[in-house]
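Comments concern the structure below.
Both ligands and their constituent atoms are indexed starting at 1 by order of listing. Basis for what follows: all heavy atoms, side chains included, without hydrogens, waters or symmetry-related copies.
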Amino acid sequence: MWQGSFQRRKTAIGRVAGKKAFITGGAQGLGACFARMLADEGARLAVTDINVEGAEETAAAVNEKHKNAALAIKHDVTDKEQWKNALGAAADFMGGIDILINNAGIGTFGNIEAASYENWRRTQEVNVDSIFIGTQLAMPYLKDNQPASIINISSVAGLIADGMMLSYNAAKAAVWMMSKSIALHCAKSGYDIRCNSVHPVFARTSIIDPLIRFAGGGEEGEKKLTRHIPMGRLAEPEDVGYCVLYLASDESRFVTASEFKIDGGITAQ
Ligand SMILES: NC(=O)c1ccc[n+]([C@@H]2O[C@H](COP(=O)([O-])OP(=O)(O)OC[C@H]3O[C@@H](n4cnc5c(N)ncnc54)[C@H](O)[C@@H]3O)[C@@H](O)[C@H]2O)c1
């Protein structure tokens, strides 16, 4: 039986005060939103992206509010050497790493008859292989900074399929199961390192622009895209960010190997 006691906070400290987060794909969209929300709750951050100018913009916006809280790093998540350098630079800057957010990803389309092998390979490389490479290299840092949390951004597309999303469905389903395997390994090894996956439905970032265009564009396109979502709208980045914030904080200290659907009810149907 768990015999600890919850300490009520007496001062207004942040939910992730003192945490040291490494966020991939932080130049824009969901990753940039996670960076802002975690920094507002007291974390320090390494914001990495293949688009280094974007990562620098995210870090600058954070640092304007929270002095020296964020560092931008150029980082292609498909490249093992860049992972080593980025993790090393981040740990030097923050004094360790205890939150790893594997967020960088690409959206790709094509059915089994039309999708090229290159489309398939690139989708797996950026969305799946990157998490294998990066999490393996991050493990020593996380072990040195327990309790730690790995947060893998999957998608509802990892749980329900679409005929036009062959490569993306397969990639995001792989992220879902990888997360459970990592979680079980850590728990059974006695590490206080949690690992969970987050599954957003369409969220308002540029990754869905082609889908909105395909659905007719503008408000009409957005309406068509969201018509199967019971709550009838896109996810806002913050809707996903609050889940990430919970998983990054010690509030989720007994939560591992779980999947979190931020989907307005779509997967219940
Ligand atoms: N927005 C959605 O509707 C939605 C829904 C479900 C899941 N997701 C997932 O959320 C994550 C973030 O997506 P987003 O919506 O913010 O999209 P986005 O396109 O706005 O951001 C993705 C970021 O990843 C970066 N990136 C791409 N390839 C990279 C690489 N090789 N190395 C490093 N960085 C790279 C991009 O430069 C970009 O900054 C992705 O994994 C995506 O699959 C998004």
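Every residue two or more places apart in sequence or in another chain that forms a side-chain contact (heavy atoms from CB on, under 4.5 Å) with Met164 is listed here: Asn111, Asp162. In this structure, the side-chain contact (heavy atoms from CB on, under 4.5 Å) partners of Ser258, at least two apart in sequence or on a different chain, are Asn196, Val255, Phe260.
Atom 3 (O) of ligand 1 has its closest protein heavy atom at Ala203 N, 2.6 Å. Among all protein heavy atoms, the one lying closest to atom 1 (N) of ligand 1 is Thr205 OG1, 3.0 Å. The protein non-hydrogen atom at the shortest distance from atom 42 (C) of ligand 1 is Tyr168 OH, 3.6 Å. Looking at atom 28 (N) of ligand 1, its nearest protein heavy atom turns out to be Val126 CG1, 3.8 Å. The nearest heavy-atom contact from the protein to atom 31 (N) of ligand 1 is Asp76 OD1, 3.1 Å. Counting protein heavy atoms only, atom 40 (C) of ligand 1 is closest to Asn103 O, 3.2 Å. In terms of protein heavy-atom proximity, atom 6 (C) of ligand 1 is nearest to Pro200 O, 3.2 Å.
By the 4.0 Å heavy-atom criterion, Asp49 is counted among the residues contacting ligand 1. Ligand 1 lies less than 4.0 angstrom from a heavy atom belonging to Ser206. Close to ligand 1: Ser154, with a non-hydrogen atom less than 4.0 angstrom away. Ligand 1 lies within reach of Lys172, whose nearest heavy atom is under 4.0 Å from it.
Atom CG of residue Asn63 and atom OG1 of residue Thr58 lie 10.5 Å apart, to the nearest 0.5 angstrom. Separating the CD1 atom in Ile99 from the CG atom in Leu142 is a distance of 10.0 Å, to the nearest 0.5 Å. Here Asn85 contributes atom CG and Lys80 contributes atom NZ; the two are 12.5 Å apart, rounded to the nearest 0.5 Å. Of the inter-residue distances, the one linking Ser197 atom OG with Lys180 atom NZ reads 6.5 Å to the nearest 0.5 angstrom.
When only interatomic distances are considered, the shortest N/O to N/O separation between Val156 and ligand 1 does not fall below 3.5 Å. Considering backbone and side-chain atoms together, Gln28 places an N or O closer than 3.5 Å to an N or O of ligand 1. Looking at ligand 1, you'll find an N or O of Val77 within less than 3.5 Å of one of its N or O atoms. For a threshold of 3.5 Å applied to N or O pairs, the pair formed by Asn51 and ligand 1 contains no separation below that value.
No hydrogens or angles considered: a donor-acceptor pair under 3.5 Å links the side chains of Thr108 and Thr123. Side-chain polar atoms of Ser252 and Arg194 form a donor-acceptor pair below 3.5 angstrom. One side chain, Ser206 or Gln28, offers a donor N or O that lies under 3.5 Å from an acceptor on the other.
Of all atoms in ligand 1, numbered sequentially from 1 with element shown, those under 4.0 Å from a heavy atom of Phe202 are 3 (O). The distance from ligand 1 to the heavy atoms of Gly105 drops below 4.0 Å at these ligand atoms: 22 (C), 24 (O), 27 (C), 40 (C), 41 (O). Of all atoms in ligand 1, listed by their number and element, those nearer than 4.0 Å to a heavy atom of His75 are 32 (N), 33 (C).
Between Trp83 and His75, the ring planes lie perpendicular to each other; the angle is over 60°, past the 30° to 60° tilted range.
Under 4.0 angstrom from ligand 1, the non-hydrogen atoms of Val201 all belong to its backbone. Only side-chain heavy atoms of Ile208 come within less than 4.0 Å of ligand 1; its backbone N, CA, C and O stay farther off.
Looking only at distances, no side-chain donor or acceptor of Thr256 sits under 3.5 Å from a matching main-chain atom of Ala183. The main-chain N or O of Val201 is never found under 3.5 Å from a side-chain atom of Lys261 such that the two would form a donor-acceptor pair. With hydrogens and angles ignored, the 3.5 Å screen pairs no side-chain donor or acceptor of Asp76 with any backbone N or O of Ile50.
For atom 34 (N) of ligand 1, the candidate residues are Val240, Leu30, Ile50; the nearest heavy-atom contact is made by Ile50. Across the listed options Ile207, Leu225, Ile153, Ile153 owns the non-hydrogen atom lying nearest to atom 9 (C) of ligand 1.
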